[in-house]
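Down below is the structure, laid out as structure tokens.
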Amino acid sequence: MRGSVGKVPYCWLSCFSITEPTMSRFARPFAEALAPLVELPVADVEKQLETPPKPGMGQLAFPCFQLAKTLRKAPPAIAEDLASKIQPTGLIKKVIATGPYVNAYLDGEAVAREVLPAALEAGECFGSLSIGGGRAVTVDYSSPNIAKSFGIHHLRSTVIGHALVNMLKAAGFQPVGINHLGDWGTQFGQLLAIWDEKGDEAELNERGIAYLLELYVEFNAAKEKNPELQDVARAKFRLLENGDAEARRLWALFRKVSLDEFERVYAMLGIQFDDMRGESFYEGLMPAVLTELKERNLLTESKGATVVDLEAFDLGTALVRKADGSTLYLTRDLASAGYRKESYDFVRSLYVVGGSQALHFAQMTKVLELMERPWFDTIEHVPFGLMRFKDRKMSTRKGDIVPLRDVLEQAAALAKQTIVKGAEDKSRPIPDDVDELAHRIGVGAVVFNDLKNRRVRDVVFDWDEVLAFDGETGPYLQYTAARIASMEARYGKPPSADVDFHLLDGPGELALIVAISEMPDSLQRGLESCEPSYVSDKLLEIASLFSTLYSNRSWKVLSEDVALTDARMLLAHGVRQALCNGLGWLGIPVPARM
RNA sequence: GUUCCCGUAGCUCAGUUGGAUAGAGCACCGGAUUUCUAAUCCGGCGGUCCCAGGUUCGAAUCCUGGCGGGAACGCCA
């Protein structure tokens, strides 16, 4: 199966022109010095370079184990020999053999001079890449089902997809955010079936989506006892597909009520889609898909249904038409894939959908291949782990979910409480925009909590964890940026790149500046594997390194020493720029202060 | 039953694509604020990297086989 969950089959970015990762700017000179001595190409040496486990051991390391065989010497002796032959120049301050490694120590002053002015100049573009060349990449994400509440379990696709859209944009691609609304299918038959019995438009207008969810849950409860109800639902959906006026009218009504609610949630998260076509849009395109499948002799009849037999590829059989003639999810996805290719001419098409649907996407891709779509292998399922309760699955059918809106509102309420308490403790006035600030912090906590870990892992929903503001959290990053913003305001003028870089020569500064310089690497790595957590990780590292410096009482940014203040301000500004840009990629708002 | 994913500290997770003494946060214990925001920082405690083999100079990482958890496997999406 292509693109098995959790593994990156190949680097899809590698087909585009890659700018050199920033770290290799530092690694290159070291590799160039080593290459002639070990008689290997510079690129090979560079690939072997590692980062030592502790900062006191330098910033770059070359392991000598592999040379031991060819040179028939002990690795430490080789390291010793190599180290003695390399002259420090430019970015490299010294080279020392440490056991079987040749370690290089970067020159803090030179690194600062290289990184910080560039960061200042780049501003909001700092950390960005220009590998995309304006090429389109579609990102199918969020895609909630109409007539069901927007639950916390939809958060995963929504925030991962949103982050990928932002990251693609930062890398110079033209992302197309697609919300493939689940607004078609037998589920509507179910809703229409129960609506016949007890639907009440007045109540719908009043209670909105909560009422629809209630009906849906009730139908499913009834179906448990009376399985024939599913046949009633299928008949209703067929009616809808055949264009029955009343069914269509109700469908449109349900759709609107749902969209109103979804829009509120998207507004809270600051998300806008480029394409909000639901599944229903592809209704008219499906006959053509079925016709083509038939002409290509890909269809077989099986138990009354129409299928594509994929047993030869270990992918089972893929249903494209039910026995009653109505269509399925796969049929619609085949149609939408072609439509997207025509509309957007994507170089890559991502589907941010739970890992449980791996088979569906494998089938879809295989069918597209059999249909001789040359772009079939540019489609990639970006799977993620399930969100569940500690002791049970979340179940929309049973109404056993947590509405996302509740979570965001709770988080904002808690943030407000923290702001108010903080203001009281320091006997300061409560800010006028406390609600806006609290909202941003709450969203930051909830979103970052989902993006900080690798997406394949299952997530257990836990209020304490979602609402945590301490440690490795969104508010921690926001707070670090806010503290710097406050210093910048106090500083009273824009930071200057014309500073004495020698004043930024300390080990803490060097580690921090190297981390800042790795922002583009985190973006690139994140895009290669569609994994926003690489960015989250880098931001935490930067914030942590800065906080350590900041908390040292003998290390002040603002002081009487003008030259020192200017230099440290430039560094602090770079930190804030990196944090703000990275948070922006992740779709996390940055409050003006905290 | 078959296939896919996951398994690292009490809990939640990183681990630079096979390298040095496996790292963070939470929780717990102890510290730090006359000075840039304590949503912070510092220290301590905490490990059979699920198990067993194999490959390798070298394995949490790769291979094989188990065990445990989750998911998918036809008319839902």
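Proteins get letters first, then strands, A, B, ... in listed order; numbering begins at 1 in each. None of the values given here were measured: they were computed from a predicted structure.
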Original post:
Are OP1 or OP2 of B:C76 and a side-chain N or O of A:Q230 less than 4.0 angstrom apart?
Top reply: yes
Original post:
How is A:R321 classified with respect to the nucleic acid when contacts are heavy atoms under 4.0 Å: base, sugar-phosphate, or nothing?
Top reply: nothing
Subject >> Nearest-angstrom distance, C1' atom, B:C73 to B:A9 >> reply: 37 Å
**OP:** Check the distance between B:C13's C1' and A:E531's CD and give it to me in whole angstrom.
**Re:** 12 Å
Subject >> No-H, no-angle donor-acceptor pair, A:D333 side chain to B:A77 base, under 3.5 Å >> reply: no
Original post:
Contact class for A:E465 vs. all strands (heavy atom < 4.0 Å): base, sugar-phosphate, or nothing?
Top reply: sugar-phosphate
Subject >> Residues touching RNA chain B, which here means a heavy atom under 4.0 Å, drawn from residues 300-310 of chain A >> reply: A:S302, A:K303, A:A305, A:V307
Subject >> Length of the CZ-P vector between A:R454 and B:C13, whole Å >> reply: 13 Å
**OP:** Name the closest nucleotide to the A:V557 side chain, picking from B:G70, B:U40, B:C36.
**Re:** B:C36
Subject >> Phosphate OP1/OP2 of B:A38 contacted by A:R483 side-chain N/O (<4.0 Å) >> reply: yes
**OP:** Scan A:I441 against the nucleic acid and name what it touches under 4.0 Å (heavy atoms): base, sugar-phosphate only, or nothing.
**Re:** base
Subject >> Pairs satisfying salt bridge (charged side-chain N to carboxylate O under 4.0 Å, His left out), at least one member in residues 419-428 of chain A, at least two apart >> reply: A:K421-A:D425
**OP:** In whole angstrom, give me the gap between the P atoms of B:U3 and B:C63.
**Re:** 16 Å
Original post:
Ring stacking, A:Y550 with base of B:C36, under 5.5 Å and under 30°?
Top reply: yes
Original post:
Name the one of A:R457, A:K452, A:R454, A:K538 that satisfies salt bridge (Lys or Arg N to Asp or Glu O under 4.0 Å) with A:E531?
Top reply: A:R454
**OP:** Kindly say if A:R525 contacts the phosphate of B:U17, meaning a side-chain N or O under 4.0 Å from OP1 or OP2.
**Re:** no
Original post:
What nucleotide among B:C41, B:A72, B:C6 has an atom nearest to a side-chain atom of A:V456?
Top reply: B:C6
Original post:
So does A:S486 get a side-chain nitrogen or oxygen closer than 4.0 Å to the phosphate oxygens (OP1/OP2) of B:U37?
Top reply: yes
Subject >> Nucleic acid contacts - residues 67-80 of chain A versus RNA chain B, non-hydrogen atoms under 4.0 Å >> reply: A:K69
Original post:
Does A:R234 have a side-chain nitrogen or oxygen under 4.0 Å from the phosphate oxygens OP1 or OP2 of B:C76?
Top reply: yes
Original post:
Could you go step by step and tell me if A:D450 and A:M387 meet the side chain to side chain contact (heavy atoms under 4.5 Å, CB included) rule?
Top reply: CA-CA 10 Å; A:D450 203 306; A:M387 187 179 284; 3.9 Å; yes
Original post:
Taking the same atom, P, in B:C45 and in B:U8, what whole-Å distance lies between them?
Top reply: 23 Å
**OP:** Calculate the interatomic distance between A:D458 atom CG and B:A72 atom P; express it in whole Å.
**Re:** 11 Å
Subject >> Closest to side chain of A:K322, choosing from B:C36, B:C75, B:A77 >> reply: B:C75
Original post:
Whole-Å distance between B:C73 P and A:L319 CG?
Top reply: 11 Å
